[in-house]
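Since we're looking at a predicted model, the values are computed, not measured.
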Amino acid sequence: MTDRYFANNMPQYVPETSSTVTSTETETKDNSLLNLLSTDYKSFASLLERLALDIKETVVIETWGRTGQKVVDFSLYAGTLGTAFLLFKAYQVTKNVSDLNLCLEIVKACDLASSSSRDVTFICGRAGVYALGAVVAKHMGDKPLMNYYLTQFKQINLPRDIPNELLYGRAGFLWSCLFLNKHVGDGTIPSTLMRSIASDIIEDGRRMPNKGSWPLMFEWYGERYWGAAHGLTGILHVLMDTDLKPDEREDVKNELLCMIKHRFPSGNFPASEVDKGRDVLVHWCHGAPGIALTLVKAYEVFKDIVFLDAAIEAAEVVWNRGLLKRVGICHGISGNAYVFLSLYRATGNMCYLYKAKAFAAFLIDNATTLIAAGEMHGGDNPYSLFEGIGGMAYLFLDMIEPTCSGFPGYEL
């Protein structure tokens, strides 16, 4: 099992000092990681910003410049839209209009490339292109362009055979609607449409045969996954952001309680219904990290301490086994750091901000060297948002204002 992650030998807590750390210092000092951990957060955030903006430039060169501005994969997950989303995040942090302009240029190219796609979600489909396009156009004050993207979005028809999960299903389209209403304005996407989609998801979950005592159950290619990307967790997370009827809220709550009841003794969660004997995966997509984010959300929605307690136990799994030998946010260290940011936002407890800082510090101190040595996987798409260093840059930018952080495409 340990071949999946690096041993976490970092202290549970290191008091901060007032020293300022530069990227040059981190490369030359023997105790560079401890130095990073003890750096005061303001100085650490400044370092994160510098590094993130440097990585962003590399991502743009590799995914946009070297490709001749051609889009092969338009998706947010592993494709060019992920670069646009990173540029938008950089703009939100620095207010550099050049990033916003380039973001929109890339979105336009993704629009052309996605025209024949049947995928309709935010992370992997056309909805992400149109939703981000509308939001960026709003920031640029281009109302006709914003309306164009909104029109394109509203013309999406969900296929009858669409699944319910986040990456390719109804939940992923519904998240796009919520994203637009948050960033363009309430009512941009009518509540009646979102209500109809949420109802379809619930009814599908209730109809699943042989689901036993579970209020809801869903399948993806015949498998009953639990995780954020394709399973229960991602679906329930999005549903909790919608206006549910009382009986639907109870089903969602009881579903999460069933998941807690069936977790591993370690605090981790199975990847699927048939995977109950394999306490292995500690990823956002499968395992404790993605589920912990949803449990924090459940604590905020239902005000029940049982969800927070379970999230805290899952976070311990992430702390002990979450320094994965991958860099990305889907199944890497960058994504796992969001568990601690989520708990910090929910509780205000500085220990969780420290742990997020520790995961980021590990990346700063080790990622480049470990990837070069082949000891860490840089991702099948090494510059992408979900698999590569694009996600690491996004995390670094998010941690500058940790109270406003959120896992991209998942936490609104």
Side-chain angles (χ1 to χ4, degrees), residues 71 73-92 99-159 162 165-198 201 229 234-235 237-239 241-242 329 384-386 390 394 398 406-412:
V71 176
D73 179 349
F74 71 85
S75 74
L76 189 89
Y77 185 92
T80 316
L81 192 67
T83 301
F85 203 66
L86 176 59
L87 284 162
F88 181 59
K89 182 66 180 180
Y91 164 74
Q92 290 177 300
D99 284 338
L100 195 65
N101 289 332
L102 181 55
C103 173
L104 187 57
E105 184 181 338
I106 293 174
V107 169
K108 289 178 179 178
C110 291
D111 182 10
L112 291 173
S114 66
S115 59
S116 61
S117 174
R118 294 185 72 250
D119 295 324
V120 296
T121 63
F122 190 85
I123 295 175
C124 291
R126 288 182 291 128
V129 177
Y130 304 146
L132 182 58
V135 172
V136 173
K138 180 186 178 183
H139 278 268
M140 296 188 74
D142 191 335
K143 191 170 182 179
L145 185 61
M146 182 185 76
N147 288 335
Y148 161 77
Y149 282 118
L150 289 176
T151 298
Q152 293 292 100
F153 186 92
K154 292 174 181 178
Q155 288 177 349
I156 292 175
N157 293 313
L158 300 187
I162 191 171
E165 48 86 80
L166 185 72
L167 259 58
Y168 295 100
R170 287 189 183 94
F173 180 77
L174 184 55
W175 197 92
S176 305
C177 298
L178 294 162
F179 177 83
L180 278 170
N181 281 356
K182 177 179 178 179
H183 292 281
V184 177
D186 287 339
T188 300
I189 304 302
S191 58
T192 51
L193 173 61
M194 292 190 292
R195 173 64 234 155
S196 174
I197 297 169
I201 293 172
I235 296 167
H237 194 102
V238 178
L239 286 174
D241 273 314
T242 64
I329 62 172
S384 66
L385 186 65
F386 270 66
Y394 195 98
D398 237 355
F407 193 105
Y410 199 60
E411 294 182 297
L412 280 170

With sequence neighbours excluded, residues passing side chain to side chain contact (heavy atoms under 4.5 Å, CB included) with D73: S75, A78

Any K108 side-chain heavy atom under 4.5 Å of L145 side chain: yes

Flag side-chain contact, heavy atom, 4.5 Å: V136 against L100: yes

Nearest non-hydrogen partners of L166 and G409, listed with the distance: CD2-O, 4.2 Å

Closest non-hydrogen atom pair between I235 and A171, with its separation: CA-CB, 4.1 Å

Heavy-atom side-chain proximity of I329 to F386 below 4.5 angstrom: yes

Nearest heavy-atom neighbours spanning P159 and R118: CB-NH2, 3.8 Å

Check: Y168 main-chain N/O paired with E165 side-chain donor or acceptor under 3.5 Å: yes

Residue pair F74 / L81: nearest heavy atoms and the distance that separates them: O-CB, 2.9 Å

Residue pair L385 / L76: nearest heavy atoms and the distance that separates them: CB-O, 3.6 Å

D111: salt bridge (Lys or Arg N to Asp or Glu O under 4.0 Å) partners, not counting sequence neighbours: none

Residues in ring-ring contact (aromatic ring centres under 6.0 Å, His included) contact with Y410, at least two apart in sequence or another chain: H237, W284

Gap separating the CH2 atom of W175 from the CD1 atom of I197, nearest 0.5 angstrom: 14.5 Å

Expected output: side-chain S114 to main-chain S117 donor-acceptor under 3.5 Å: no

With A198 via side chain to side chain contact (heavy atoms under 4.5 Å, CB included) - residues at least two apart: L174, L239, T242, L244

Residue pairs, two or more places apart or on separate chains, that pass side-chain hydrogen bond (donor to acceptor under 3.5 Å, both in side chains) and touch residues 126-147: none

Over all atoms of both residues, closest heavy-atom pair of G406 and Y394: O-CE2, 4.1 Å

From OG (S196) to CZ (R170), nearest 0.5 Å: 9.0 Å

Show me the side-chain donor-acceptor pairs of residues 176-187 shorter than 3.5 Å, one per line, residues at least two apart or across chains.
unit_1: S176; atom_1: OG; unit_2: F122; atom_2: N; d: 3.3
unit_1: S176; atom_1: OG; unit_2: G172; atom_2: O; d: 3.1
unit_1: N181; atom_1: OD1; unit_2: T188; atom_2: N; d: 3.1
unit_1: N181; atom_1: OD1; unit_2: I189; atom_2: N; d: 2.7
unit_1: N181; atom_1: ND2; unit_2: I189; atom_2: O; d: 3.2
unit_1: K182; atom_1: NZ; unit_2: L412; atom_2: O; d: 3.4

Criterion ring pair (Phe, Tyr, Trp, His ring centres under 6.0 Å) on F173 and F153, from CA distance to verdict: CA-CA 10 Å; F173 180 77; F153 186 92; 5.1 Å; yes

Within-4.5 Å side-chain heavy-atom neighbours: L112 and V71: no

